[in-house]
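Heads up: the structure comes next, in structure tokens.
Counting starts at 1 for both ligands and their atoms, in listed order.
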Amino acid sequence: MVGLQGSGKSTWVARHLARTHTVVSKDHWPNARRRESRQRRVVAELLAAGARVVVDNTNPAPADRAPLIAAARDAGVPVRAVWMDTPAELCLARNEVREGRARVPLQGVFATRARFLPPTTAEGFDRIDVVRGGAPDGA
Ligand SMILES: Nc1ncnc2c1ncn2[C@@H]1O[C@H](COP(=O)(O)OP(=O)(O)O)[C@@H](O)[C@H]1O
Ligand SMILES: [Mg+2]
């Protein structure tokens, strides 16, 4: 998954992939140290065991996505990006109405937006899907 905080990634995953894929997210371990290396290990283990995996994080830059693409290559499976292309204003508005921990600091959304580069096949993705998240019911 690729998209800002509040862009609708987790909602889309629950609707479209949760039945067929194991969902991995650093959000599952909010207090763990070394969440990035832990996530890489978990993804590699799941792929080695033959699972289909979806990584539900913002993954805004090629550098964030490269290790995931490499993990898929190592496992010999295709890798797809699903880009939740939701306007930042809408992400911020959705974030505002969230409760407690689910709400991220505004600064976090802006920092992610500043690093953001759309996913491309040049990075190694076999397929890229763009979800225009501004629609009321996603897609
Ligand atoms: N297609 C949509 N239309 C309207 N609201 C949505 C849609 N997708 C998600 N939301 C709402 O927006 C907020 C953020 O969605 P979420 O899936 O948690 O985003 P992310 O995982 O990218 O941070 C939630 O309150 C969710 O209910
Ligand atoms: Mg989420």
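Of the possible donor and acceptor atoms, none in the side chain of Asn59 sits under 3.5 Å from a partner among the backbone N and O of Val2. With Lys9 contributing its side chain and Leu4 its backbone, the two residues share a donor-acceptor pair below 3.5 Å. Listed for the Gln5 side chain is no donor-acceptor partner under 3.5 Å among the backbone atoms of Val104. A distance-only check finds no donor-acceptor pair linking the side chain of Asn95 to the backbone of Gly6 [under 3.5 Å].
Distances below 4.0 Å separate heavy atoms of Thr11 from the following atoms of ligand 1: 8 (N), 9 (C), 15 (O), 16 (P), 17 (O), 26 (C).
Ligand 1 has Ser7 within reach: a non-hydrogen atom of the residue lies less than 4.0 Å from it. Taking 4.0 Å as the cut-off, Leu4 counts as a neighbour of ligand 1 on heavy-atom distance.
For ligand 1, none of its N or O atoms has an N or O atom of Trp12 under 3.5 Å away. Where the criterion is an N or O separation shorter than 3.5 Å, residue side chain and backbone included, Ser10 meets it with respect to ligand 1.
Scanning Gln5, Lys9, Met1 for the heavy atom closest to atom 22 (O) of ligand 1 points to Lys9.
For the Mg ion (ligand 2), the set of nearby N, O or S atoms under 2.8 Å includes one belonging to Ser10.
Between Glu123 and Pro118, the closest heavy-atom pair is OE2-O, 3.7 Å. The minimum heavy-atom distance linking Asp129 with Arg80 is given by the pair OD2-NE, 2.6 Å.
The distance from atom CZ of Arg94 to atom CG of Leu92, rounded to the nearest 0.5 Å, is 11.0 Å.
Residue contacts with ligand 1, taken as heavy atom pairs separated by less than 4.0 Å, do not involve Val97 at all. For Arg98, every heavy-atom contact with ligand 1 shorter than 4.0 Å involves the side chain, none the backbone.
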